[in-house]
Amino acid sequence: MTTTIIDVRSDTLTKPTQSMRLAMSEAHVGDDVYGEDPTINRLQDYIADLFGKESALFVPTGVMGNQLAIAVHTQRGDEIIVESESHIFHYETAAPALIAGVQMYCIPSHKGEMSLDGIKEAIRPPVYYFPKTSLICIEQTHNRHGGTVLPLDYMQSLYAFAQEHNLPIHCDGARIWNACAATNIEPYEYGKYADTLSVCLSKGLGAPIGSVLIGSKDHIEQARHWRKVLGGGMRQAGILAAAGLHAIEHHRSMLHEDHEKAALFASLITQGSQCIIANSSGNVESTIVIIDCGEHVKPSDIQEMCAQKSLFLSMGKGRCLRAVFHRDISMDMIPTAAEIFCSSYRLLENLSS
Ligand SMILES: *Cc1c(COP(=O)(O)O)cnc(C)c1O
């Protein structure tokens, strides 16, 4: 008997389906540096439309989407406001310093929602020896807080506040599709409260590559220039855009199932072990489960023991492990995954006592 591999280290691990590969092989293509790839153009128009914006730009990665947005909204020597646990701050290799030439001012938050008072204090007064604050970044859903969803009314009040202070908002919406799935709020509603958004096709949606930066015509024209600067001007990339279009058309409506898998896993492991769910909101809002393993069991030991039984988890902060559910994990694998986790946990707990 072959054991099933249950790999929940990330939602980036999904592999393209046969029908997605077929759609890719049949894509009409052209040279996108000339603006002549019909499939790229169709994807960009479609996504701009979904989010209620004028224009959009296909980029290879979410990091590039975020960094193009930062470059577009700022001047060298400026400062941008980001959340302390944000992807932009932790996982983008200090790129804002390298590419746009700006520094980051980090504000801690409750589950990704920076307080308006906190932001107000962070905005620099116009004195010559201060950097100029020029952008606020938010993250939807919030990765390190455990897939938490920024409420629409929070985004609305933040946007109004930012407008009062003449500051644009960039939304790192790598998993904004999951926010839509969790709330049944349409993308264009979220689009109202950000000047630019970057959205991933290669996470829960299941495309092999690609993100899209969305914004005004002017912002996207500038972003196209910056994309070329970074060597991201691609040619017959419609083959990749076809995967993205296929993912949106065929996979997007299934995202809520990934949330159900995550919730079921969280509920089974809290029943069957002493661990607790450490998502910032205390519960599972989308696909990410952060597991606090407690004082007696080392997360790396559980991770290793689970891996021996083909359940792959990733390390989180401190005493935590992380699981992210996605379309290549079926609902009926969840009880098995939970059983592997709980039996490993109990064994290690007994060894330690
Ligand atoms: C994955 C992710 C990104 C982009 O990652 P890439 O690997 O560059 O596509 C950006 N922000 C968040 C919150 C993410 O989770």
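Read the numbers this way: they start at 1 and go in the same order the structure lists the ligands and their atoms.
Closest of all the heavy-atom pairs between A278 and C320 is CB-SG, 4.0 Å.
The environment of K317 atom NZ is dense: over 12 non-hydrogen atoms of other residues, nucleotides or ligands sit within 6.0 angstrom.
Within the structure, side-chain hydrogen bond (donor to acceptor under 3.5 Å, both in side chains) pairs that include any residue of residues 37-54 do not occur (at least two apart or interchain).
Using modelled atom types, one finds a donor on one side chain and an acceptor on the other under 3.5 Å when comparing D332 with S330.
Under the rule for a ring pair (Phe, Tyr, Trp, His ring centres under 6.0 Å), the partners of H251 that lie at least two apart in sequence or sit in another chain are H246.
In this structure, I5 shares a hydrophobic cluster with F312, the cluster being traced through Ile, Leu, Val, Met, Phe, Trp and Tyr side chains under 4.5 angstrom apart.
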Quick one: ligand 1 N/O to protein N/O pairs below 3.5 Å?
unit_1	atom_1	unit_2	atom_2	d
ligand 1	8 (O)	G62	N	3.3
ligand 1	8 (O)	V63	N	2.9
ligand 1	9 (O)	G62	N	2.9
ligand 1	11 (N)	H87	ND1	3.4
ligand 1	11 (N)	D172	OD1	3.0
ligand 1	11 (N)	D172	OD2	2.6
ligand 1	15 (O)	N143	ND2	3.4
ligand 1	15 (O)	R175	NH1	2.9
ligand 1	15 (O)	K203	NZ	2.7

